[in-house]
Amino acid sequence: METGTIPVDELSGGLDLYRTLESGQSYCWRRSDVEMYGGSPAPNAWYHTVVSAPEDAAVSDAVIRVRVRNGVLEWESTVDADSIVRRLLRLDDDLEAIVAAAPDDPLLDEAYAAHRGMRLVEDPAFPCLISFICSAQMRVSRIHTMVSTLAHEYGTPIEFDGDTYHAFPTPAQLATATEAELRDLGLGYRAPYVVRTAEMVADGEAHPEEARTLEYEDARDYLTQFVGVGDKVADCVLLFSLGFDEAVPLDTWIKSAIEDYYPDCDCGSYAATSRAIRDRLGGDYAGYAQTYIFHHLRTGE
DNA sequence: GCCCAGGAAATAT
DNA sequence: ATATTTCATGGG
């Protein structure tokens with residue numbers, strides 16, 4: 001086993017693992033000591049994930065687990081995971097500067113103040129895409145369950161420190177699933193969306209990573225070609241996986257925030273409202289602001 | 001029982 | 001183009 005430590009006070013803006021990994025951005029990490037999510041913060045809890053190796057590389061998948069204890073981020077892995085952890089948790093983001101540069105806005109100030117240390121994640125693209133296809137009309141805790149179920153049923157198992165973990169299934173692995181199987185696993189009407197999108201990626205018809213090369217709104221349009229992906233899910237993938245910090249997913253919570261706090265930003269269509277609220281929340285880092293407001297309103301904290 | 005959840009696709013106007 | 005309807009499912 002390889003291990004490492006990163007002092008939290010070396011990170012601009014700190015790190016709150018609970019708020020980063022259980023705020024509904026990422027479904028690629030699991031808290032190790034629970035079956036069900038939705039509980040209260042768990043100090044010192046381990047979180048684990050499996051990062052998939054490129055199919056054409058001669059290396060295997062890697063298990064990574066992290067926790068914060070006594071002001072230090074500790075990681076344990078099958079590989080040297082320092083740079084991977086920094087990338088997945090965006091530890092090199094200058095969070096202090098992002099907060100400082102945010103527009104002076106009562107709701108946003110409140111949200112940033114209430115959730116210090118929450119960082120955005122950078123999930124791998126395919127798992128992120130499938131996660132948010134599953135997210136339609138679902139609670140955060142159930143999305144975690146659905147993603148874990150997919151990993152357990154279709155992902156590659158990997159041993160680490162006496163336990164068995166499962167990677168999120170590759171497109172080819174998930175494309176072997178049938179709609180009926182996924183319905184039996186509780187995915188409901190999202191089942192055919194997941195199968196068809198997995199087939200599209202497995203067949204080389206399209207790949208979410210392609211969106212990285214495009215301008216923001218073109219990237220959003222590109223992602224909506226996947227079955228089960230509309231503007232909102234596309235924005236989630238752009239923000240939580242593909243490096244588009246300006247993306248502002250217009251979900252139920254941010255829509256109610258627009259109604260209550262930014263009524264002039266309601267421009268009717270998704271695209272026009274998106275431009276207006278993106279501009280209001282600070283442009284280039286509007287997605288950071290959106291994630292804080294989302295979590296602030298959803299948790300009532 | 002009733003309502004809702006990080007919506008999208010199909011259909012109607 | 002925009003407005004309505006349908007679609008599953010567990011938890012409160």
- Item | Interatomic distance, A:Asp235 CG vs B:dA8 P [rounded to whole Å] | 10 Å
- Any idea which heavy atoms bring A:Met118 and A:Thr20 closest together, and the distance? CA-OG1, 3.7 Å
- Side chain proximity check, A:Ile98 to A:Tyr112, heavy atoms < 4.5 angstrom: yes
- Can you check the A:Leu250 CG to B:dA5 P distance for me, whole Å? 16 Å
- Message: Applying a 4.0 Å non-hydrogen cut-off, can you work out what A:Tyr270 is touching in the nucleic acid: base, sugar-phosphate, or nothing?
- Response: nothing
- Message: Return whichever of A:Val229 or A:Thr291 has its heavy-atom-nearest nucleotide of DNA chain B closer to the 5' end.
- Response: A:Thr291
- Rounded distance in Å between the P positions of B:dT11 and C:dA8: 14 Å
- Note on the structure: From the candidates B:dG7, C:dA8, B:dA5, the one with an atom nearest any side-chain atom of A:Arg183 is C:dA8
- A:Tyr27 side-chain N/O to A:Gly24 backbone N/O, donor-acceptor pair under 3.5 Å: yes
- Note on the structure: Tightest non-hydrogen contact, residues A:Gly186 and A:Met146, listed as O-CE, 4.3 Å
- Note on the structure: Side-chain atoms of A:Gln137 come closest, of C:dA8, B:dC4, B:dA8, to C:dA8
- Atom OH of A:Tyr27 and atom P of B:dA5 are separated, to the nearest Å, by 14 Å
- To the nearest angstrom, how far is A:Arg298 atom CZ from C:dG12 atom C1'? 15 Å
- Message: Between A:Ser77 and A:Arg65, do the side chains contain a donor N or O and an acceptor N or O under 3.5 Å apart?
- Response: no
- Query: Taking for each residue the nucleotide of DNA chain B bearing the nearest heavy atom, is the 5' side occupied by A:Gly24 or by A:Thr224?
  - Reply: A:Gly24
- Message: At less than 4.0 Å, is any side-chain N or O atom of A:Arg142 found next to OP1 or OP2 of C:dG11? Yes or no.
- Response: no
- Roughly, in whole Å, what's the span from CH2 in A:Trp253 to P in B:dC4? 12 Å
- Distance in angstrom units between A:Leu182 CG and C:dT9 C1', rounded: 15 Å
- Message: If you only use heavy atoms from C-beta on, which nucleotide in B:dC4, B:dG7, C:dT9 is closest to the side chain of A:Met138?
- Response: C:dT9
- In whole angstrom, give the distance that lies between atom CZ of A:Arg139 and atom P of C:dA8. 19 Å
- Query: Which whole-number value in Å describes the distance from A:Phe132 CZ to B:dG7 P?
  - Reply: 10 Å
- Closest listed nucleotide, where the reference is the side chain of A:Tyr189 and the choices are C:dG10, B:dA9, C:dC7: C:dC7
- Can you check whether any acceptor in the base of C:dC7 is under 3.5 Å from a donor in the side chain of A:Arg190, or vice versa? no
- Testing C:dA8, B:dA8, C:dG11 for proximity to the side chain of A:Val233, the answer is B:dA8
